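Data block below; observations after.
Residue numbers begin at 1 in each chain, while the letters A, B, ... track the order of the sequences. Given the structure is predicted, the values throughout are model-derived calculations rather than measurements. Only this structure's heavy atoms are used, side chains among them; waters, hydrogens and symmetry mates stay out.
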Protein chains: 2
Amino acid sequence: MATETQRSTGRRRNPATRATILATAFAVVAELGYAGLTIEKVAARAGVGKQTIYRWWPNKGALVLDAVLERTAGAGPDGAPAELPDTGDLEADLSAVLVATVEEFADPDFDRALRGLTAAVIEDAELALAYRERLDGPMRELKKRRLRRAQEAGQLDPDVDLDLAVDLVFAPIAQRWTERSGDLTPDGARTVVRHALRGLAAP
Amino acid sequence: MATETQRSTGRRRNPATRATILATAFAVVAELGYAGLTIEKVAARAGVGKQTIYRWWPNKGALVLDAVLERTAGAGPDGAPAELPDTGDLEADLSAVLVATVEEFADPDFDRALRGLTAAVIEDAELALAYRERLDGPMRELKKRRLRRAQEAGQLDPDVDLDLAVDLVFAPIAQRWTERSGDLTPDGARTVVRHALRGLAAP
DNA sequence: TTGAAGAGACGAGACGTTTCGTCTTGACAA
DNA sequence: TTGTCAAGACGAAACGTCTCGTCTCTTCAA
């Protein structure tokens, strides 16, 4: 999946081609959805041979994962933001993160691309592993770090499992997004954080 | 989607054929996943003409929704269970429901079928609407009814929105299932309920 | 009361189209 | 010499539409 660093003889891989393919894949999945995305379509639009795609990505899912990753990684300076905000006010910090997430979902391109990736991840266990390791995992780690500091500061139940805490804070909004079961508003996000934290507070 | 009650001339729809198609569709999606499910495959296995499927279902998604619905509906006597348990102990009642959900997910057939449906729902807004109206909505209504009684009994913050409360209690486990981000255990389910209810308790 | 006429469901499968993933070719860069 | 690249041919599979002949069921006139 394009993460090898092997030195070898022969012509080297063209990074511009890789970038073009990923940008095109993102555009296609944003426009037509995951089901509507076709390797042939991406190849044609990117002005690239099909084999050039098949050489580097085993299937649609891997391609879309890389395409989304390329976009979200662009948020931070060298990959991902190194740390979540920490002003000492846990509720405000988590609200800021969740509100930012809600605003990302409001972008139709990002919404459709992420929907495509999520649909693929649900069915494909192998892709789900790659997704966890490269997208969800790092983000979850940041959340856990922030919560751990709060826990050490006595703002959180010291016995609570941090993975559970992350789920309690972030899953309700994520779930609402996948199932389209309600509006996604900044206010709603803040209310979720308030109640979740109340449930996780030190006794 | 087979809910019309129009009287008309001509041969009537055969309920046995409908049942066979839905059972076959469930089996196929359980075995091969949503991406692996093909109308042709269902038709062949069910011993049915393709047109007989296309006549009644516009696409894969609608077919799988009906197939899953047919199964889950079989749980209750005349459709769905009319009410969630209400022993007066809110935490125990909700834990029982969530533990039952976790156990359903442990059935590989049900797991894969529901994964297929969820994958389709994420991408298809129209199918998502049908899913909400026929599967998620009725279940959510039961949950809200149970929570409303608790609210009236003073066990819950009277100002909290019931939809938010449902999400806070049930989304963490659901999210963990879709993303395969952790084990699904009865104990984990009970812990989620405990903390979620603490966050929703009357102040 | 009956029985022909019509409407629509059904199984079977042919049809043109699209996409799949593999493979080949010739140019080109390390 | 080795590997990347664009281009596209290739057979297999599934798509969704259609036509066919058979079968039930309703309607209506005799």
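Applying the salt bridge (charged side-chain N to carboxylate O under 4.0 Å, His left out) rule to pairs touching residues 111-123 of chain A yields A/Asp111-A/Arg115, sequence neighbours excluded. Residue pairs meeting the salt bridge (charged side-chain N to carboxylate O under 4.0 Å, His left out) criterion with at least one member in residues 55-64 of chain A, sequence neighbours excluded, do not occur. The ring-ring contact (aromatic ring centres under 6.0 Å, His included) analysis of residues 130-152 of chain A, with sequence neighbours excluded, yields no pairs.
Taking 4.0 angstrom as the limit, B/Arg13 places none of its side-chain polar atoms (N or O) nearer than this to OP1 or OP2 of C/dG8. Remark: A/Trp56 is in phosphate contact with D/dC5, judged by side-chain N or O atoms under 4.0 Å from OP1 or OP2.
With sequence neighbours excluded, the residues satisfying salt bridge (charged side-chain N to carboxylate O under 4.0 Å, His left out) with A/Arg140 are A/Asp136, A/Asp163, A/Asp167. For the salt bridge (charged side-chain N to carboxylate O under 4.0 Å, His left out) test, no residue two or more places apart in sequence or in another chain qualifies with B/Arg132. The ring pair (Phe, Tyr, Trp, His ring centres under 6.0 Å) test applied to A/Phe105 returns A/Trp177, not counting sequence neighbours.
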Every protein N/O within reach of nucleotides 11-18 of chain C N/O, cut-off under 3.5 Å:
residue	atom	partner	partner atom	Å
C/dG11	OP2	B/Thr52	OG1	2.9

Identify the pairs formed between an N or O of the protein and an N or O of nucleotides 4-6 of chain C at a distance under 3.5 Å, and give each distance.
none

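Taking atom CZ of residue A/Arg18 and atom C1' of nucleotide D/dC5, one finds them 17 Å apart after rounding to whole Å. Separating the CD1 atom of B/Ile53 from the P atom of C/dC10 is a distance of 11 Å, rounded to the nearest angstrom. Taking atom CG of residue B/Asn59 and atom P of nucleotide D/dT17, one finds them 11 Å apart after rounding to whole Å. Taking atom CH2 of residue A/Trp57 and atom P of nucleotide D/dT4, one finds them 13 Å apart after rounding to whole Å. Rounded to whole Å, the distance from CG on B/Leu37 to C1' on D/dC15 is 13 Å.
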What side-chain donor-acceptor pairs closer than 3.5 Å can you find for residues 43-54 of chain B, not counting sequence neighbours?
residue	atom	partner	partner atom	Å
B/Arg45	NH1	B/Glu31	OE1	3.0
B/Arg45	NH2	B/Glu31	OE1	3.3
B/Lys50	NZ	B/Glu40	OE2	2.7

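Both the sub-6.0 Å distance and the 45° axial angle are not jointly satisfied by A/Arg71 relative to the ring of A/Phe110.
Across D/dT17, D/dC5, C/dT19, the shortest atom-to-atom separation from the side chain of A/Thr38 is found for C/dT19.
We find that B/Glu70 and B/Arg18 are joined by a salt bridge, their nearest charged nitrogen and carboxylate oxygen being less than 4.0 Å apart.
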